[in-house]
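Notes follow the structure.
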Amino acid sequence: MIILKLPEEIEKMRASNYIVAEILNTLKEKVTPGITTGELDSYSEELVRKKGAQPAFKGYMGYPYALCISVNSEVVHGFPSDRILVEGDIVSLDFGAYYNGYYGDSAITVPVGKISEEAARLIRVTEQGLYNGIREARAGNRLGDISAAVQDCVEAAGFSVVRDFVGHGIGKKLHEEPQIPNYGTKGRGIQLKPGMVLAIEPMVNEGTYQVKVIDNGWTVVTEDGKLSAHFEHSVAITEDGPDILSMLN
Ligand code: MF3
Ligand code: CO
């Protein structure tokens, strides 16, 4: 069942998502050669608690950290650790907050210092895929319109869309219906309605879309060891079109 949100609930979700957006923005500035992924995690937790919110991921299904931080060939759910970021790495920061009874969820991929042109293009295309998907998140459209828009953008650039992990509805729970694949067919799937709030989150690989989970039971990596990028926004569908809740302005 898809839970529609009232306008006042969407405003509460905007507050939760604003906290996430601010924290991602702060973390992004901190990403430089020499910092460890564990330091970024501790900092994210300190920041979210200072805002009177809870880290959404910590303890969720047993996930042990506040932040998911996925480096290079890690796709999602990377564990923070004493790994030191080095120039040329690309790093996905995925963060969630629980505030006011509602969840916020967003992710970005950022460069560490100077990166290769191919890595930069992967990041740009993934973010563009997200925005193309968001553009289709309007009442009367279908879920497949979002999925197809993401997929078309990514594949036209010669990259691939991860199949095994998808976006999701979000609200009083972190993961609600519907599931939102980043591949699919225009005109297919459920019809989108005002009040739906969707976390759209393309995971895009440089090479094959095939992924595997490593033996920590969480971290997803590319099967071929090539790069992966991830962007996510929580988006409300309103009468006036998509409203990106996890945005700073
Ligand atoms: N943005 C991811 C998601 O929506 C993060 C979840 S990590 C978890 O699925 F640890 F909370 F599962
Ligand atoms: Co999510």
Side-chain angles (χ1 to χ4, degrees), residues 2-3 5 13-14 16-25 27-28 37-38 40-42 44-45 48 53-71 74-81 91-99 102-110 126-127 129-131 133-134 137 143 146-147 150 161-183 196-205 211 213-221 228-237 242 244-247:
I2 298 176
I3 302 164
K5 279 80 184 179
M13 293 192 70
R14 195 187 308 283
S16 314
N17 276 289
Y18 191 78
I19 291 170
V20 174
E22 282 185 311
I23 291 172
L24 285 177
N25 192 51
L27 294 175
K28 180 181 176 174
T37 58
L40 293 167
D41 174 63
S42 315
S44 74
E45 184 164 354
V48 77
Q54 262 88 253
F57 303 161
K58 197 169 188 175
Y60 181 83
M61 310 271 285
Y63 185 78
Y65 303 98
L67 184 67
C68 294
I69 179 156
S70 308
V71 184
E74 294 172 347
V75 179
V76 285
H77 306 161
F79 279 11
S81 70
V91 182
S92 304
L93 307 169
D94 186 354
F95 191 71
Y98 182 70
Y99 182 69
Y102 291 87
Y103 283 93
D105 188 8
S106 182
I108 56 176
T109 300
V110 297
T126 307
E127 187 169 28
L130 171 60
Y131 280 101
I134 290 172
L143 197 58
I146 298 176
S147 308
V150 176
V161 163
V162 172
R163 269 51 169 177
D164 293 357
F165 295 84
V166 296
H168 50 94
I170 182 170
K172 289 182 179 172
K173 290 186 176 163
L174 177 61
H175 292 147
E176 296 183 356
E177 288 179 28
Q179 295 202 118
I180 308 167
N182 297 295
Y183 58 95
M196 288 181 179
V197 183
L198 307 177
I200 305 172
E201 50 178 317
M203 289 142 272
V204 174
N205 293 353
V211 298
V213 178
I214 64 170
D215 58 15
N216 69 17
W218 273 99
T219 305
V220 179
V221 300
S228 186
H230 179 212
F231 280 84
E232 175 176 22
H233 272 310
S234 295
V235 181
I237 294 173
I244 305 176
L245 304 179
S246 48
M247 222 154 60

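We count ligands from 1, going down the list as the structure has it; atoms in each ligand are counted the same way. All of these numbers come straight from a predicted model, not from anything done at the bench.
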Distance below 2.8 Å from the Co ion (ligand 2): protein N/O/S atoms:
D105 OD2, H168 NE2, E201 OE2, E232 OE2
Which pairs of donor and acceptor atoms, one on a side chain in residues 162-170, lie under 3.5 Å apart (sequence neighbours left out)?
residue	atom	partner	partner atom	Å
R163	NH1	V161	O	2.8
H168	ND1	L174	O	3.0
H168	NE2	D105	OD2	3.1
H168	NE2	E201	OE2	3.0
H168	NE2	E232	OE2	3.4

Under 4.0 Å from a heavy atom of E232: give me the atoms of ligand 1 that qualify, with their elements.
1 (N), 4 (O)
At the 4.0 Å heavy-atom cut-off, does E201 count as touching ligand 1?
yes
Is the closest heavy atom of W218 to ligand 1 under 4.0 Å?
yes
Across all chains, not counting sequence neighbours, the ring-ring contact (aromatic ring centres under 6.0 Å, His included) partners of Y18 are none
Below 4.5 Å, heavy atoms only, C-beta onward: do V197 and V235 meet side chain to side chain?
no
Contact check: H230 vs ligand 1, nitrogen or oxygen atoms, below 3.5 angstrom:
no
Could you tell me which residues satisfy ring-ring contact (aromatic ring centres under 6.0 Å, His included) with H230, sequence neighbours excluded, listed by chain and number?
none
N/O to N/O below 3.5 Å, does that happen between H168 and ligand 1?
yes
With a 6.0 Å cut-off on ring centres, are Y131 and F231 close enough?
no
Counting only heavy atoms not in Y99, do more than 12 fall under 6.0 Å of its OH?
no
Sub-6.0 Å ring centroid separation between Y103 and H175:
no
A199: heavy atom below 4.0 Å from ligand 1, yes or no?
no
Test your reading of the model: is there a side-chain donor-acceptor pair from S246 to the backbone of H233, 3.5 Å cut-off?
no
